[in-house]
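All residue numbers in this chain count up from 1 along the given sequence.
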Amino acid sequence: MARMNDQPERWSRATDYPDMWADPDDDPRENRGVSPDGELATLQDFLAGYRLTLRMKCEGLTAEQLARRSVPPSTMSLLGLIRHLAEAERDWLNWISEGDPLPTLYGEPDGDFDGAVAEQAEVDAAYAALEREQAATDAALAEHEDLGERLGKEGIAVRELMVHRIEEYARHCGHADLLRECIDGRVGQ
């Protein structure tokens, strides 16, 4: 029987648990060793896990697929999420900085999503920006191991910033789940 729409069939690489992204033995998030000791290390581990999840949700896709929008009127796309999180990392760095804020990466509000076009150069630039901004925020926070320390002009606690970063990545990984499933049917946690 012919399909009534052009939606892709749901699929997973997992064979043990078909609702998973990959079998536990093949999932790099499941093979990162012993869980960390201490609150800071735990927060960093969760952040690293969500960052890896976002990358996994985007891997193996073309520039056109990464830039594909969700349902109108939303401008959300996987490429837009990568750009948005690069912008968020820069914003978080500005929160903890005492100096003048760095300029936004993508200009006007929603420029991170609106400018997510299906060009490989844009994809490469977005990944480079995300890596650069993550590294800059990570380096700035590495100087402050006391989670109760308050930073920047607003006096945000390191703990609050770390939890906010985790929350932002986790929320957008949920979006990435749905976007990826719409693109090629791949499902999983």
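- Ion pairing between D177 and R186 fails under the 4.0 Å rule for side-chain N and carboxylate O.
- A salt bridge does not link R159 to E149: none of the charged side-chain nitrogens sits closer than 4.0 Å to a carboxylate oxygen.
- N94 places a side-chain N or O within donor-acceptor distance of the main-chain N or O of L102, the cut-off being under 3.5 Å.
- The pair E168-R171 counts as a salt bridge, with a side-chain nitrogen and a carboxylate oxygen less than 4.0 angstrom apart.
- For the pair R51 and Y169, the distance from NZ or CZ to the six-membered ring centre is under 6.0 Å and the angle to the ring normal is within 45 degrees.
- Crowding of E59 atom CD: a count of heavy atoms from other residues, nucleotides or ligands under 6.0 Å exceeding 12.
- Follow the hydrophobic side-chain contacts under 4.5 Å out from L85 and you never reach L105; the two are in separate clusters.
- Without hydrogens or angle criteria, Q65 side chain to T62 main chain gives a donor-acceptor distance under 3.5 Å.
- In plain terms, the two heavy atoms of T75 and R69 that are nearest each other are O-CD, 3.1 Å.
- Ion pairing of R132 with E89 is absent here, as no side-chain N (NZ or NE/NH1/NH2) approaches a carboxylate O to less than 4.0 Å.
- Checking side-chain atoms of R150 against main-chain N and O of I156 turns up no donor-acceptor pair under 3.5 Å.
- Side chains of C58 and I82 form a contact here, defined as non-hydrogen atoms less than 4.5 Å apart.
- Counting non-hydrogen atoms of other residues, nucleotides and ligands closer than 6.0 Å to CG of D146 gives a total above 12.
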